[in-house]
Structures are given as structure tokens and as C-alpha cells.
Number of protein chains: 2
Amino acid sequence: MGRLQTNSSAAETHCVGCGARDWTVCSSLTDDELSVLEGIRLGHRDYRAGADFLRQGEPQREVLTLLEGWAMRYCLLENGSRQIIDFCLPGAFIGFQPDGESPKGYAAQAITDIKVCALPQKGLMDMMRQTPNMAIRLACIGYRDQMAMARHLANVGRRRARGRVSNLLMELFVRVRMRSEAAASEAILLPLTQELIGDALGLTSVHVNRTLRGLREDKIVSLKGGTLRILDPDRLAEEAGFEDGVDVLESFS
Amino acid sequence: MGRLQTNSSAAETHCVGCGARDWTVCSSLTDDELSVLEGIRLGHRDYRAGADFLRQGEPQREVLTLLEGWAMRYCLLENGSRQIIDFCLPGAFIGFQPDGESPKGYAAQAITDIKVCALPQKGLMDMMRQTPNMAIRLACIGYRDQMAMARHLANVGRRRARGRVSNLLMELFVRVRMRSEAAASEAILLPLTQELIGDALGLTSVHVNRTLRGLREDKIVSLKGGTLRILDPDRLAEEAGFEDGVDVLESFS
DNA sequence: CGGAGCGTTGACTCAACTCAACTCGGGTGG
DNA sequence: CCACCCGAGTTGAGTTGAGTCAACGCTCCG
């Protein structure tokens, strides 16, 4: 379901040459540690846009690192609505749960076509026991993501629609910019529908639409056909509640 | 400011006898590891209700384990409003940040008078490098808290006031119940003002008040003078969106 | 050519906010 | 001991931000 091919074969690159490595768990591992990791990994996988590659309520024996494309983690509520927890960019570490046996509290879905690198939970836990470096790295990622989620929570809980949307766009802009070498133009690709934005921000897609119109009419941003253009960075930062403009970058994944 | 006394002295109990231990980082450490930890800890501290024992924007060289009382972590927004990230009960691990030097993204405040156990960030990191067990434990806590925060986010983003309040009360009830041996009566102590509840849920205190009135009039819960009484657990679970009633307990801290 | 999915817009509704007054209880100082 | 004050909780009236419902346009794709 959505899965394109089985574990890809010999053609698969080694971890050392991994394009996403700078953003993954694997960064800051020694070459030795990296080869251990390479020993236990289950290989790469591709999923189509829209594929649920991690299901809520099911236990999960694997952990995934996003290598290419956009994904998201989300919670499904009993009332049928969906809360998007976060948007994942290459390097994101998805699905880790200390207690591998208990059912996951969230699901994950591919937004664009994606490629992931799969690791067995168990093998990873074993490795953590032997190489503290790995355990530390995982802990760091866990707390970093926690911070990002706290910001997201504050955004949803305490800002009006315009502020929420501005804040999210700003955050995504920054995150995308960080991993593309050339920071030349102010346009980035944002493969999000208005419904996705709404589900991340606790708004309806209709209201996201109106809000975006407002921002467009005020010449602050334009989001059209998957392209986000920041027309007035200062105004946007203000609407978004970024006090220090773009200095906060460090704290993003 | 709010601090009652300096590091308490010899009277301080050993980690082995720590009353909060079952809920702390320290659980699941061997006696040896525990004595290492005991070697680096900075001692206990007491803070008055209302004291900000961890400030947003300042780097933090210490990590705290809550031993007694209630606390909260919160974000202050530029617009002056406050978003409560979570409520902390004894055992909570507060203030850990992989990169100890960068400023904290949130603050923490005592809700009641509290007692905490302080550890140096640096010492802890060193210990993690030597005892993988500790690193693993920290990672687990980080991901567990992440899950709790995701639930909180979903609650705030995708439920109406009545559902949010019900959900929060249910969660707190369960958490408090878990750490009190006798689960006899249905009443617990909840030292939260309506304003705190509002700031956690993205509501105004006025609206929390009306919502609580509604729940009281419907004979679902009563929250009066710091005492929470669940009058109709089933209805509450339904309002709160707890599908399995009280089976989800495991996943709480 | 016809759908399906996404975006856009308008008209109407309603949940939650704002503002403001008033109560109640506990603490404090004269 | 009493008057006062302050913080928390209540309640009402009016406002508004966001949701709902519904129609319609556009584009891509089969």
C-alpha cells in the first residue's frame, strides 16, 4: 500500500555517502559506529505521496530516517479529526519509541514521494547499550523535537489564525532554507495543501484560505502552486511573533 | 527569588531511599550507577509556589527532578500570553537540553511549594557517555514526554472547550491516581487555578469557568477548592475522547 | 470528455473572547 | 477585632474570530 519497492539492493549507497546524513541520527557518529549502524539497517524504502508508512495504534518494530521528500506525523482523534504533530524534512527521525512493543500514539504519512532508511527498533536499542554516543544522539534528537513541538503547541494555543499561519510559514521557510545550500532567492517549494496547514494549526482549510488571502493582499507572502514566496520578511516575522527575525534558526532541526 | 533555602545538607536522603524514585530518571539504574549519580548531584532545593525556577531565554547549567509538589513548564509569547506546555508531578525531569549553552525555550514555575533535586547538565552528559543505561533512560523519557505533548497538542488543536477541559482533567486524574497507592475514592487534589487550566488549553479563564460550570451542571465532574471529583467517569471519558476508558494509563508518565 | 482534488468565495452561525461588574474567602495591618 | 484588600471565581451582555455549508472555478489526469 503505497510502498513502491522492497528494500533496495546493492545500488544502495553506504551511510558514509548518505546525502541526508548531516541531518540524521547518524551525524556525529564515528566511522566505526557508522559501520555498525550500516550492519543493522534494513535498507531504503520508497513510499508514494499519501502513503501511511506508520500507523497509529499498531506496534512498530522499525524506526525510520527520512532521506528524501516531505512527510508528517499526525494524531487521529476519536471525533475523526486529525492533528498534524509536525512536518518532517530529510533527516527526520520517525517512529522511535523506547517501548517498541506498545502501540504507536501517532501515525506518519508521506506528503510527497519519499525515501526512508529503516532500522530495527531492537537492533537500535542494542546498539545504544553498546555505544553511548548513539544513545546520546538519540536523546538529543528527542529533546530537540520536544522543543519544536512546544513551540508548535504555543503557536496553536495562543495565536490567532493570521499569527499561526505566518509562524508556520516562517518556520518551514527557515527549515527548508537551512538545508539547501544556496539561500539566494526568497522562494521555496512547499508541497502542502491548505488542508494540511489547517490540520497542523487547528484551523479549517477554508479559514486557512482566507488567512492566506489576507497575507497575500497585504503583500507579506504568496503561496501558490506549491511555491512559497516571502514578500516582506519583516512584516512576516512580526506577524509570526519572531522577535529576533531570523536569528532563532539554530534551534530548528 | 522564591528560593527557600540553599542546598539542603546531610539530612538529605540517599537516592536509594528517594520517595520519588519510581518516577524519576533514576529508576532502572543499578545501585552502582545510582551512587555515581549521587556523587554528581547538587542537592535538593525548595521553591515557593509561584517561583520561576527556570527562566526562558537563559541558558541553564542544571537539570531538575521534581521530588514534591506541582510545577509547570510554559512558553511566554511575544504578545504577552502564556502557553503551558505541561504540568509536572513528582518524578518529572525538567530542564534537560542537550546543548546546555543555548538559552532555554521555555520556563518552569512552581505551582505549589516544591522540592527538587538538582543535577549539573555537564556532569549528566559525562555520565551518559560512560553509562549507556543513563543515556538510554534519558532518551526514553524524552520520547515519552514527546508523546504526552503530542496528545496535548491534539487536544488543544482539535477539540472544543468542553472536550479540552474534560480531557485535561481526565489525564491529570489518571496521573495523580497512578502515583498514589490507594485508588479508593474518586477525589484528588488539583491545585490549579482556572487561569492555569486556560493557559494550558488555549482558553480564557472566563471560558474555562463556564465550561466547568457546564460539566458540573451535567454532573460529570466537580472542581472546587482544589479538589477534583469525578462524578461520572463514563461520561467524562466520552467527553474527553478517551475511547478505552482508563486503559490508556500506561502511556502516561 | 468527465471526474477528482484543491482552491476560492459568500452567507450565515456559533463558540469563544472581551469587558465589566460583583461575590467570596483568606490574609493583613491598623 | 474589624476593615480592607487582593486574588480567584462567577456571571451577564455584546463582539468577533473561526467554523459550517454550499456553490463554483481551475487543473490535472484517466
Side-chain angles (χ1 to χ4, degrees), chain A residues 48-51 70 77 79-84 109-113 155-169 189-217 221-229 239, chain B residues 48-50 70 77 79-84 109 111-113 155-169 189-217 221-229 239:
Chain A
R48 289 192 181 292
W70 285 66
L77 300 219
N79 61 27
S81 58
R82 170 177 73 172
Q83 174 65 50
I84 294 177
Q109 183 174 107
I111 293 176
T112 63
D113 289 351
N155 193 29
V156 172
R158 304 267 80 162
R159 269 193 265 264
R160 330 207 129 285
R162 196 177 164 101
R164 286 186 217 178
V165 172
S166 300
N167 189 287
L168 177 64
L169 293 182
L189 291 179
L190 248 209
L192 307 181
T193 64
Q194 298 181 349
E195 191 173 3
L196 287 177
I197 296 176
D199 281 352
L201 297 177
L203 300 168
T204 57
S205 61
V206 176
H207 203 247
V208 169
N209 184 294
R210 288 193 238 272
T211 307
L212 284 173
R213 166 160 48 132
L215 291 171
R216 189 185 336 124
E217 284 171 356
V221 301
S222 94
L223 178 53
K224 201 82 180 173
T227 300
L228 170 68
R229 224 173 287 275
E239 298 279 3
Chain B
R48 289 193 181 291
W70 285 66
L77 299 218
N79 62 28
S81 57
R82 169 176 74 172
Q83 173 67 49
I84 295 178
Q109 183 174 107
I111 293 176
T112 62
D113 289 351
N155 192 29
V156 172
R158 303 268 81 160
R159 268 193 266 264
R160 331 208 127 281
R162 195 177 165 100
R164 286 187 217 178
V165 171
S166 301
N167 190 287
L168 178 64
L169 294 182
L189 289 179
L190 247 209
L192 306 182
T193 65
Q194 297 180 351
E195 191 173 4
L196 287 176
I197 296 176
D199 280 352
L201 297 177
L203 300 169
T204 57
S205 61
V206 176
H207 202 247
V208 169
N209 184 296
R210 288 192 236 273
T211 306
L212 283 173
R213 167 161 46 131
L215 290 171
R216 189 184 338 123
E217 284 172 354
V221 302
S222 93
L223 178 54
K224 202 83 179 172
T227 301
L228 170 67
R229 223 175 287 277
E239 298 279 1

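A quick note: this is a predicted structure, and the numbers were derived from the prediction, not measured. Chain letters run A, B, ... following the sequence lines, proteins first and then strands; every chain starts at 1.
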Whole-Å distance, A/N79 CG to D/dT20 P, equals 11 Å
Say whether, by atom type as modelled, one donor and one acceptor occur between the side chain of B/R164 and the main chain of B/L201 under 3.5 angstrom. yes
Separation of C/dT9 atom C1' from A/H207 atom NE2, nearest Å, is 13 Å
Polar side-chain contact A/R210-C/dG10 base: donor and acceptor under 3.5 Å: yes
Quickly work out the A/N209 CG to D/dG19 C1' distance and round it to whole Å. 14 Å
Whole-Å gap separating C1' (D/dG9) and CD1 (B/I197): 12 Å
May I ask you to say what A/G225 touches in the nucleic acid, namely base, sugar-phosphate or nothing, with a heavy-atom cut-off under 4.0 Å? nothing
Rounded distance (Å) that lies between atom C1' of D/dC26 and atom CD of A/Q194: 13 Å
So does B/T204 get a side-chain nitrogen or oxygen closer than 4.0 Å to the phosphate oxygens (OP1/OP2) of C/dC17? yes
How long is the line joining CZ of A/R159 and C1' of C/dA16, in whole Å? 19 Å
Does A/R216 contact C/dT8 through a side-chain donor or acceptor facing the base, at a distance under 3.5 Å? no
Working to the nearest 0.5 angstrom, can you tell me the gap between A/L223 CG and A/L215 CG? 10.0 Å
For the base of D/dG9, is there a side-chain donor-acceptor partner from B/R213 under 3.5 Å away? no
Taking the nucleotide of DNA chain C with the closest heavy atom to each, which residue, A/E195 or A/R160, is nearer the 5' end? A/E195
Output all residues satisfying side-chain contact (heavy atoms from CB on, under 4.5 Å) with A/N209, sequence neighbours left out; order by chain, then residue number. A/Q194
B/E217 CD to D/dT11 C1': how many Å, rounded? 12 Å
B/L212 CG - D/dA8 C1' separation (whole Å): 13 Å
OP1 or OP2 of C/dT8 sitting under 4.0 Å from any side-chain N/O of A/K224? yes
Nearest 0.5 angstrom please: B/I197 CD1 to B/T204 OG1, how far? 12.5 Å
Donor-acceptor pair, distance only, cut-off 3.5 Å: does the side chain of A/S205 make one with the backbone of A/G198? no
Indicate, with a heavy-atom threshold strictly under 4.0 Å, whether A/G198 touches base, sugar-phosphate, or nothing. nothing
